[in-house]
Structures are given as structure tokens and as C-alpha cells.
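What follows is a single structure, written as C-alpha cells, with notes after it.
Naming convention: chains lettered A, B, ... in sequence-line order (proteins, then strands); numbering from 1 in each chain.
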Number of protein chains: 2
Amino acid sequence: MDKNLKRMATMQRMQVTGLRLFYTNGYYNTSIDDILKELSLSKGAFYYHFESKEDFFIQIIENLLVRKVYSMLIEPIEGHEHTLDLISNCFEDALETAVHNDLDYGFVLNNFINEFNGRNQKIMKHLNDILRVWEVNLVSAIQRGKFNGHIDRHVDAEGVAVFLMSAYMGVRTLMVENAPSARKYRFMSQLRHYFKSLEARTTPV
Amino acid sequence: MDKNLKRMATMQRMQVTGLRLFYTNGYYNTSIDDILKELSLSKGAFYYHFESKEDFFIQIIENLLVRKVYSMLIEPIEGHEHTLDLISNCFEDALETAVHNDLDYGFVLNNFINEFNGRNQKIMKHLNDILRVWEVNLVSAIQRGKFNGHIDRHVDAEGVAVFLMSAYMGVRTLMVENAPSARKYRFMSQLRHYFKSLEARTTPV
DNA sequence: TGTTAAACCGACCGCTAAGTCTTTTATGAA
DNA sequence: TTCATAAAAGACTTAGCGGTCGGTTTAACA
């Protein structure tokens, strides 16, 4: 195998396993050895490829987490159909995935923000960047909806974005452990109710 | 000083400092020695009063956390005035407190749930109990509002409660680090907008 | 004032974790 | 086949943690 390919493959394997364990047990509660044990690799292999545990995690964020959030929460609302439907379906899908995941520990980004907040400024910066991208995309989606005439033109796009992000992050935590399916259903009902109040009164053009 | 009083005083000091450090740095990132150092106490004193770190934390939950959540989020909505106004003011106050707290690390209950979820079933049970109390009180407040004629009788009280809890938990995380004041304002605007859509169409009796 | 038990001290133990360093193995180019 | 080097091994260092335990101080009370 090409050396560079082998290098990439090993690093990728480490990162994928690392993300899963960090998500499941928390960053500080997961040791490098835990990750290496699953892969039958050694300390030497790890520190050959990565500078430190922190560097390792930042690479995970850049390589895996960004894409994950993007594909689950941003890309699905980029279309040009009815914006509120797009967001509604996007949330519905994301929550449904969580419901069916026995190993669900909440919204990955939310969990890491909680863990690193006030403890590691460097990592927080990377996580906040992802949040900001999400926010920007939500805002422009809503503005698109206003432009298309689906959303009332008096609606505050930034406000709605903050409200949506809050609600989503919160419900993901709330769904962990206690009646995820019922809570998802109730949450989505109220979300749609809220969305109804944002719709333009007149028929869209 | 009475021995029993002294005992209580020491335990109280440990718990108060413990909660602050656990909240600030996380449970697993705070060592017993960190807490004892601040109080100029020794390991011996700690293990004389508490069985273990876990037992210590559970007592903190029971003695401090429950009351804290109760006084901030439950007691303020127990009145008999317009329910949605009560909740709105309650959230406003809680968020305003957070804005003015330089050492804000998010909603304390949310943070601990994230940290212990899937890692410590025993502690999670205690945390979930608090959530459930909050939920029950929100539901009954909303039902009271329906009964009083302020809230539309078609409104799903359980659904609104889940939605409110989600939104609050989420916005507290979102407010950490990034423009807390602006986000609070936007959040509250949308919350009031949402509340408007829950009001009874006819004038209340 | 002397007794007694509660309250507290702090050295110590066993363990785990991040990171280092020397050695070994695998691989591709010559 | 040889050789240089990438990749990986794994023993070791250092630090910090939860928890133990024998000893010391303190204060209420007879």
C-alpha cells in the first residue's frame, strides 16, 4: 500500500474511534489507551501521528465533526423550497435518528461545548466556529423564506435562528434517557405551531 | 459552638465550594483536594463527613441543586396571575442573571446531565428527578392558564412544557461565550412571539 | 481539671493517564 | 537484496487522583 495512504488510513481509524469514544464517555474520561486498545495500536503509533491529545481532538473536529454537523443540520436546509418545511423536516430527521440510536448521548456539539467551556479556550474556539456556521446558514435560510414570501417579512431572522438553535440543542439533551420518542413528538408539534406563527399572512407569490 | 452546628457548618462549606468548583470545572475535572485546598481542610475532614466523592455530590444535589432550580425556575411560576407572563418573567430573570454573571458556564442542571449521562446512572437518576419536577410544575402552570382562560384550551400542556424546557436549556448553553446579552434579547422576543400564539382568542374571564 | 469522642490532619497506597524514548518491524526505491 | 526511513511497539516517567489510616487537636461535660 502507498505509504501516504497507509498513514491516512491509520489516522482516520484513530479519529473515527476517538470521536465515538469522546462522544460516548467525554473527552476527559476517555484515555488515549482506550482508543488504542480498540484498534490494537500502541502509544508509539499515536504519538507518531499526533502531537498531543488536544491536537488529536482538534483534528477530529476539523475532519469529522464539521462535516457531521454540516450534513445533518446545514445541507438539508439549503434548498429553495418552503424554508420552514425544510427546517422542520431537517429537525424531524435529526431527532428521529437520535430516537433510534440506542447509544444516543445528546447533540454532539452541545456536549463538547459543555465539557470544554471555560476549560479549554482553544478547543472552544473551534466548536464556536461550527455553531456560527450553523447560525449563519439558518439566518440566510430564513431570509430566503422572507424573500420568497413564505415567511412574514416582519420576522427577525437572527432571533428565529437563536430560538431554533436553542430549542434543538435543548431537546436533544432532554431526549436522552427520558421518553425520547414522546418528547420528540411533542417538541415537533410545538415547533410546527411556532412556525405557523411565522408564516406570511398573504399567500406566497 | 455546638458540635452538631459545627458539623453542619463544615459540611455546608464543603458542599457550597464543591458545587461551585464542580459547576466551573466539571465533576471529573475537580479533585477533592481542589475543594479542600480552598477551604484549608484536609482529606481526613472530608472522609470523616462523606463516604465518597459520589456520595458528596449526591448530597450537593439534594441540599443545594434542588433548591436552586426550585427557587429560580419553579417557585416564580407558581402564582395565579397570567401564566405565560409568569413564565416569561421567570425566564427573563434567569437569563438576565446569567448575562451578568462573568462566571457563567451554562445551566447547571444541563451541564451535569451532559457530564453524567451514560456514565453514572445513580447520579443521573437524581438529576432526572429535578427535571421531572420542573416539567410537572410547568405542565400544571399551563393547565392553570387554560383553566383561567388565558391560554387557548386546545394547547397541549405537555408539549409546551417540553418545548420550553428545551428552549431554555439550549439558550443557556448558547449564551455562554458568544454575545449572551444579544442572544438573550433575541431569544426572549421569540419566546413572547411563541407565547402570543398560545393565548386564548377570546378575552379571559 | 481530666476524660472522651468528635473533628481534623496528612502521609501513604494503588491506580490511571499523558507523554517520552528507545527499540523493532514493515515497506518501497535502488 | 540492501538500505533508508516510515510506522509501530511498549516499557518507562511523572503527575495527579480517590481513598485509607493511625495519629493529633479541640471542645463539651462530668
### Query
Under 3.5 Å, is there a donor-acceptor pair between the A:Y28 and B:E115 side chains?
no
Give each protein N/O atom lying under 3.5 Å from an N/O atom of nucleotides 23-25 of chain D, with the pair distance.
none

### Query
Under a 4.0 Å heavy-atom cut-off, which of residues 112-127 of chain B touch DNA chain D?
none
### Query
Can you name the ring pair (Phe, Tyr, Trp, His ring centres under 6.0 Å) partners of A:F187, sequence neighbours left out?
B:F163
### Task
Check whether the side chains of A:D34 and A:S31 place a donor and an acceptor atom closer than 3.5 Å, and report yes or no.
yes
### Message
What is the distance, to the nearest angstrom, from the CG atom on A:L36 to the P atom on D:dA7?
### Response
16 Å
#### Entry: Those residues that, when tested against B:R67, pass salt bridge (Lys or Arg N to Asp or Glu O under 4.0 Å) (two or more places apart)
none
### Task
Can you tell me the distance, in whole Å, between the NZ atom of A:K37 and the C1' atom of D:dA9?
17 Å
### Query
Considering residues at least two apart in sequence or located in another chain, which fulfil the salt bridge (Lys or Arg N to Asp or Glu O under 4.0 Å) criterion with A:K53?
none
### Query
Does B:T10 put a side-chain nitrogen or oxygen below 4.0 Å from OP1 or OP2 of C:dC8?
yes
### Pairwise side chain to side chain donor-acceptor pair (under 3.5 Å) hits with a residue in residues 39-50 of chain B, at least two apart
B:D33-B:K43
### Message
Test of understanding: with ring pair (Phe, Tyr, Trp, His ring centres under 6.0 Å), list the residues that count as partners of B:Y105, not counting sequence neighbours.
### Response
B:Y23
### Message
With side chain to side chain donor-acceptor pair (under 3.5 Å) as the rule and sequence neighbours excluded, what pairs involving residues 130-144 of chain B come up?
### Response
A:R183-B:E135
### Task
Please tell me which of the listed nucleotides, D:dA7, D:dA8, C:dC8, lies nearest to the side chain of A:R7?
D:dA7
### Message
Suppose we screen for ring pair (Phe, Tyr, Trp, His ring centres under 6.0 Å). Which residues come up paired with B:H193, at least two apart in sequence or across chains?
### Response
none
### Message
At less than 4.0 Å, is any side-chain N or O atom of A:Y48 found next to OP1 or OP2 of D:dA8? Yes or no.
### Response
no
#### Entry: Pairing residues for B:F57 by the ring pair (Phe, Tyr, Trp, His ring centres under 6.0 Å) criterion, not counting sequence neighbours
B:F22, B:Y27, B:F112, B:F116
### Side-chain N or O of A:H49 closer than 4.0 Å to phosphate OP1/OP2 of D:dA6
no
### Query
Does A:D156 have any side-chain contact (heavy atoms from CB on, under 4.5 Å) partners at least two apart in sequence or in another chain, and if so, which?
A:E158, B:R186, B:Q190
### Base versus backbone protein contacts along nucleotides 9-20 of chain C [heavy-atom cut-off under 4.0 Å; B, S, -]
BB------SBBB
